[in-house]
Amino acid sequence: TMLNYKLTYFNMRGRGEIIRYLFAYSGIKYEDNRIEWADWPNIKPTIPFGKVPILEIDGVIIHQSLAIARYLAKENGVAGKTPLEQALVDAIVDTIDDFMSMFPWAEKDHDVKKRAFNDLLTNVAPGLLQDLENFLGNKNWLVGESVTWADFYWDVCSTTLLSLKSDLEDSNPKLWVLKRRVQALPAVAAWIQQRPKTSL
Ligand SMILES: CCC(=O)N1CCc2c(cnn2-c2cccc(F)c2)C1
């Protein structure tokens, strides 16, 4: 019978959205459990490594967003067709995730946070985007001949980057064509239209 899936994360895209994209693309039903910040101190101690997102599959808990996403991608044919392609997919995902992880998301000092975000968006992002565009070249997708979760991850993370610095869209046009190609996939378009609208 059908596996039971429960995703637990905050009410934001953040590190949970790539998992939601994969559920949307695969058409698998799941519980999108969005916890309140006020409830986090009570929930955190009950989670094996104290961090979200987690995915519960028939009671088995998987943590780490990229491990969860990679599992769903493999189950649904968007992880890369060969071990070599899967390694290329993982390298691109890790490259994007390394950059997103540089942002001090939980910094309490607004001035420190603003300076760090501006530095990353102004001085680091352009180099990353140029490297990603060079890697994409004239292909339709980042890896191989069809869509993979590396393409999904680019759409997820670039949405947040654009919300933080809209003029990033003025350079590296091929990357924004790819973003539109991902958003044009019917299942992705439907999810983007129906998902809760949050700033991050
Ligand atoms: C307080 C926590 C918070 O505001 N966020 C959590 C992290 C995050 C947000 C938006 N994108 N994102 C993210 C996505 C992928 C990889 C990564 F390292 C980070 C917002």
Side-chain angles (χ1 to χ4, degrees), residues 1-37 39-40 43-44 46-97 100-101 140-160 163 178-200:
T1 58
M2 279 254 290
L3 291 172
N4 181 277
Y5 291 105
K6 180 179 180 181
L7 172 66
T8 295
Y9 190 57
F10 300 114
N11 182 31
M12 61 169 57
R13 298 189 307 279
R15 288 187 173 87
E17 194 67 8
I18 181 63
I19 298 163
R20 301 188 185 112
Y21 266 49
L22 284 155
F23 276 118
Y25 184 78
S26 64
I28 298 172
K29 293 212 174 320
Y30 72 109
E31 182 185 345
D32 188 12
N33 177 35
R34 293 168 181 254
I35 57 179
E36 298 297 324
W37 286 102
D39 298 335
W40 179 232
I43 294 170
K44 185 177 174 68
T46 70
I47 297 175
F49 291 83
K51 292 190 173 185
V52 286
I54 56 168
L55 182 66
E56 295 171 80
I57 308 169
D58 284 354
V60 176
I61 298 177
I62 308 181
H63 69 298
Q64 286 288 348
S65 62
L66 301 186
I68 298 166
R70 188 173 296 111
Y71 159 79
L72 292 171
K74 287 176 181 173
E75 289 285 296
N76 294 284
V78 289
K81 291 192 185 338
T82 64
L84 184 65
E85 279 194 2
Q86 288 175 18
L88 289 166
V89 167
D90 289 347
I92 292 295
V93 165
D94 285 351
T95 298
I96 296 168
D97 198 69
M100 299 301 287
S101 298
N140 282 335
W141 308 105
L142 281 163
V143 175
E145 309 287 311
S146 57
V147 68
T148 68
W149 71 288
D151 302 303
F152 292 158
Y153 208 46
W154 165 242
D155 185 46
V156 167
C157 294
S158 61
T159 294
T160 295
S163 76
L178 173 61
K179 183 180 184 60
R180 299 284 176 267
R181 185 172 293 122
V182 172
Q183 295 197 342
L185 296 168
V188 174
W191 169 245
I192 290 172
Q193 190 267 331
Q194 80 182 61
R195 70 185 173 189
K197 309 290 181 241
T198 62
S199 53
L200 291 173

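Throughout, residue positions are numbered sequentially from 1 according to the sequence presented.
Within the model, atoms CD of Gln86 and CG of Leu84 stand 9.5 Å from one another, a figure rounded to the nearest 0.5 Å. Atom CG of Asp58 is separated from atom CE of Met2 by 10.0 Å, given to the nearest 0.5 angstrom. Atom OG in Ser65 sits 8.5 Å away from atom CD1 in Ile18 (nearest 0.5 Å). Residue Lys51 holds its NZ atom at 7.5 Å from CZ of Arg15, rounded to the nearest 0.5 Å. In this structure, Leu55 CG and Tyr9 OH are separated by 14.5 Å, a value rounded to the nearest 0.5 Å.
Residues Phe10 and Trp40 bring their aromatic ring centres within 6.0 Å.
Proximity of Ile92 to Ile96: side-chain heavy atoms (C-beta onward) are separated by under 4.5 Å at one or more points. Side-chain contact between Pro53 and Ile19: present, with at least one pair of heavy atoms (C-beta onward) separated by less than 4.5 Å. With contacts defined as side-chain heavy-atom distances shorter than 4.5 Å, the pair Leu178/Asn140 does not qualify. For the pair Tyr25/Val147, a side-chain contact is recorded, criterion being any heavy-atom separation below 4.5 Å from C-beta on.
Within a 6.0 Å radius of CD in Gln194, other residues, nucleotides and ligands contribute more than 12 heavy atoms. More than 12 heavy-atom neighbours from other residues, nucleotides or ligands sit within 6.0 angstrom of NZ on Lys44.
Taking Glu75 as the reference, Tyr71 meet the side-chain contact (heavy atoms from CB on, under 4.5 Å) condition, with sequence neighbours excluded. Take Trp154 and apply the side-chain hydrogen bond (donor to acceptor under 3.5 Å, both in side chains) test, not counting sequence neighbours, and it matches no residue. Asn4 is linked by a side-chain hydrogen bond (donor to acceptor under 3.5 Å, both in side chains) to nothing, counting only residues two or more places apart in sequence or in another chain. Contacts of Thr160 classified as side-chain hydrogen bond (donor to acceptor under 3.5 Å, both in side chains), with partners at least two apart in sequence or in another chain: Arg13. Residues satisfying the side-chain hydrogen bond (donor to acceptor under 3.5 Å, both in side chains) criterion with Lys81, sequence neighbours excluded, are Ser146.
Among residue pairs with one or both ends in residues 189-200, those qualifying as salt bridge (charged side-chain N to carboxylate O under 4.0 Å, His left out) are Glu17-Arg195; sequence neighbours excluded.
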TODO: List the steps, then state whether side-chain contact (heavy atoms from CB on, under 4.5 Å) holds for Ile28 with Tyr5.
DONE: CA-CA 9 Å; Ile28 298 172; Tyr5 291 105; 3.5 Å; yes
TODO: Show your reasoning for whether side-chain contact (heavy atoms from CB on, under 4.5 Å) applies to Glu31 and Leu7.
DONE: CA-CA 6 Å; Glu31 182 185 345; Leu7 172 66; over 6 Å; no
Open item on the list: Between Val188 and Ile192, does the side-chain contact (heavy atoms from CB on, under 4.5 Å) criterion hold? Intermediate values first, please.
Closed with: CA-CA 6 Å; Val188 174; Ile192 290 172; 3.7 Å; yes
Task: Verdict with supporting geometry, Ile57 and Ile62, side-chain contact (heavy atoms from CB on, under 4.5 Å) - done: CA-CA 8 Å; Ile57 308 169; Ile62 308 181; 3.4 Å; yes
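The backbone N or O of Thr8 sits nowhere less than 3.5 Å from a side-chain atom of Arg34 that would complete a donor-acceptor pair. A donor-acceptor pair is defined here as one N or O able to donate and one able to accept, closer than 3.5 Å; no such pair exists between the side chain of Lys6 and the backbone of Glu56. One N or O on the side chain of Asp151 and one on the backbone of Thr148 form a donor-acceptor pair closer than 3.5 Å.
In plain terms, the two heavy atoms of Ala150 and Leu142 that are nearest each other are O-CD1, 3.8 Å. When all heavy atoms are compared, the tightest approach of Glu85 to Gly144 is OE2-CA, 3.6 Å. Contact detail for Ser163 and Leu200: the closest heavy-atom pair is OG-CD2, 4.4 Å.
Exactly one of Trp191, Phe152, Trp149, Tyr30 qualifies for a ring pair (Phe, Tyr, Trp, His ring centres under 6.0 Å) with Phe23. That residue is Tyr30.
Of the N and O atoms on the side chains of Asp97 and Tyr153, at least one donor lies less than 3.5 Å from an acceptor on the other residue. With no hydrogens or angles considered, a side-chain donor-acceptor pair links Asp155 and Gln183 at under 3.5 Å.
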